[in-house]
Amino acid sequence: MKKYQILTLSLALIITVIVALTLLQPANAENRKNLPSSEKVKLPEPNLKSNISIEETLLNRRSVRGFSDFPMTLKQVSQLLWAGQGITNPRGFRTAPSAGATFPLELYVVINNVDGVGKGVYKYNPKENEIIKVRDGDMLAELTESALQQTWVKEAAIIIVIAADYERTTGRYGERGIRYVHMEVGHVAQNISLQGVALNLSMTVIGAFRDAEIKKILNMPENENPLYIIPIGNK
Ligand SMILES: Cc1cc2nc3c(=O)[nH]c(=O)nc-3n(C[C@H](O)[C@H](O)[C@H](O)COP(=O)(O)O)c2cc1C
């Protein structure tokens with residue numbers, strides 16, 4: 001083999017090693033922040049008694065667009081998620097009704113200002129009474145932008161997002177299932193709203209947002225679609 005051939009081969013080998021090492025390097029800090037994680041947070045058991053009547057919660061429910069920066073507690077987060085989709089029966093039935101018990105809804109909670117819980121996007125697992133982190137980091141500015149710049153959104157301590165997998169219900173009821181899913185979202189949002197009043201929290205339900213952006217920010221799988229976002233915080 002000639003001298004220049006050996007040189008060319010050695011050079012090619014060095015370049016290959018450099019390229020391989022670059023590709024194998026761990027993601028930088030910025031990317032790592034956005035990688036999915038499966039960190040689980042066990043939720044406290046929900047309270048089944050309170051000092052306020054159902055009638056008073058109905059009387060006091062109001063959309064409030066603005067929050068103090070006083071942090072929420074994990075107990076309050078747990079209570080709100082339970083009100084929305086908690087399992088209340090050995091057969092798996094929940095706090096809200098579901099057409100044919102097809103349970104098409106998923107609850108996400110974006111944590112911004114909760115005592116002892118890191119910022120990020122979490123998914124509620126009602127079976128285990130836990131939330132599972134699906135994304136790390138502060139998503140409030142992006143969410144506010146995607147909610148058509150409703151600026152008060154970024155003051156929220158948490159944002160609950162109700163998403164639907166239509167197939168679970170249309171698989172049984174065809175086109176009519178779409179209507180059922182939308183009815184079900186209303187039930188869940190109202191449960192969360194009334195529970196919020198009982199906890200003396202402020203919130204507003206939001207329907208005005210760009211679906212594709214919210215879906216991306218929350219790392220939702222392809223089959224899930226965001227239907228309602230609910231910013232919540234202390235007065
Ligand atoms: C389907 C739906 C979508 C809504 N979307 C928004 C929204 O994007 N932004 C907002 O500030 N309020 C939104 N709201 C809240 C209404 O503006 C509010 O309920 C209405 O003004 C009546 O006030 P109240 O909730 O205090 O009774 C929405 C309400 C519903 C039912």
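All figures in this text were calculated on a predicted structure; none of them were measured in a lab. In listed order, ligands and their atoms are each counted from 1.
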Asker: Please step through side-chain contact (heavy atoms from CB on, under 4.5 Å) for the pair L74 and L43, ending with a clear verdict.
Answerer: CA-CA 7 Å; L74 188 60; L43 295 172; 3.7 Å; yes
Asker: Could you find the nearest protein heavy atom to atom 9 (N) of ligand 1 and give me its residue, atom name and distance?
Answerer: Q150 OE1, 2.8 Å
Asker: To the nearest 0.1 Å, how far is atom 27 (O) of ligand 1 from its closest protein heavy atom, and which atom is that?
Answerer: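 Atom 27 (O) of ligand 1 sits closest to the protein heavy atom R62 NH2, 2.7 Å.
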Asker: Please state which protein non-hydrogen atom is closest to atom 3 (C) of ligand 1 and give its distance, to 0.1 Å?
Answerer: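 Heavy-atom neighbour on the protein nearest atom 3 (C) of ligand 1: G207 N, 3.6 Å.
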Asker: Evaluate the criterion side-chain contact (heavy atoms from CB on, under 4.5 Å) for residue pair K123 and I131; output intermediate values, then yes/no.
Answerer: CA-CA 5 Å; K123 196 171 188 178; I131 49 175; over 6 Å; no
Asker: Do any N/O atoms on Y228 end up under 3.5 angstrom from N/O atoms on ligand 1?
Answerer: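 Between Y228 and ligand 1 (N or O atoms, distance only) the closest approach is not under 3.5 Å.
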Asker: Give me the ring orientation class for Y166 and H182: parallel if the planes are under 30° apart, tilted from 30 to 60°, perpendicular past 60°.
Answerer: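 Geometry flag for H182 against Y166: perpendicular rings.
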Asker: Taking R94 first and then E184, would you say they form a salt bridge - that is, a charged N and a carboxylate O separated by under 4.0 Å?
Answerer: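 The answer is no: the pair does not qualify as a salt bridge.
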Asker: Do E39 and Y122 pass the side chain to side chain donor-acceptor pair (under 3.5 Å) test, and can you show the C-alpha distance, the side-chain angles, and the key distance before you say yes or no?
Answerer: CA-CA 9 Å; E39 186 187 318; Y122 298 76; 4.5 Å; no
Asker: Give the residue and atom name of whichever protein heavy atom lies nearest to atom 16 (C) of ligand 1, and the separation in Å to one decimal.
Answerer: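 Closest protein heavy atom to atom 16 (C) of ligand 1: R65 NH2, 3.8 Å.
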Asker: Under 4.0 Å from a heavy atom of T204: give me the atoms of ligand 1 that qualify, with their elements.
Answerer: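 So the atoms of ligand 1 that pass are 10 (C), 11 (O), 12 (N).
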Asker: Heavy-atom distance from atom 29 (C) of ligand 1 to the protein below 4.0 Å?
Answerer: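 At least one protein heavy atom is under 4.0 Å away.
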Asker: Given side-chain contact (heavy atoms from CB on, under 4.5 Å), test V161 with L227 step by step and report yes or no.
Answerer: CA-CA 8 Å; V161 178; L227 289 177; over 6 Å; no
Asker: Any donor-acceptor pair under 3.5 Å linking the side-chain atoms of N125 with those of K40?
Answerer: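 No, N125 and K40 have no side-chain donor paired with an acceptor closer than 3.5 Å.
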Asker: I'd like to check which ligand 1 atoms, numbered from 1 as shown, lie under 4.0 Å from a non-hydrogen atom of A208.
Answerer: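 The list of qualifying atoms is 8 (O).
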Asker: Looking at W152, which atoms of ligand 1 are within less than 4.0 Å of one of its heavy atoms?
Answerer: 11 (O)
Asker: Where is the nearest protein heavy atom to atom 13 (C) of ligand 1: which residue, which atom, and how far?
Answerer: V205 O, 3.1 Å
Asker: Among protein heavy atoms, which lies nearest atom 19 (O) of ligand 1, and at what distance?
Answerer: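 Answer, as residue, atom name and distance: S63 OG, 3.5 Å.
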Asker: Quick one: ring pair (Phe, Tyr, Trp, His ring centres under 6.0 Å) partners of Y180, sequence neighbours excluded?
Answerer: Y173
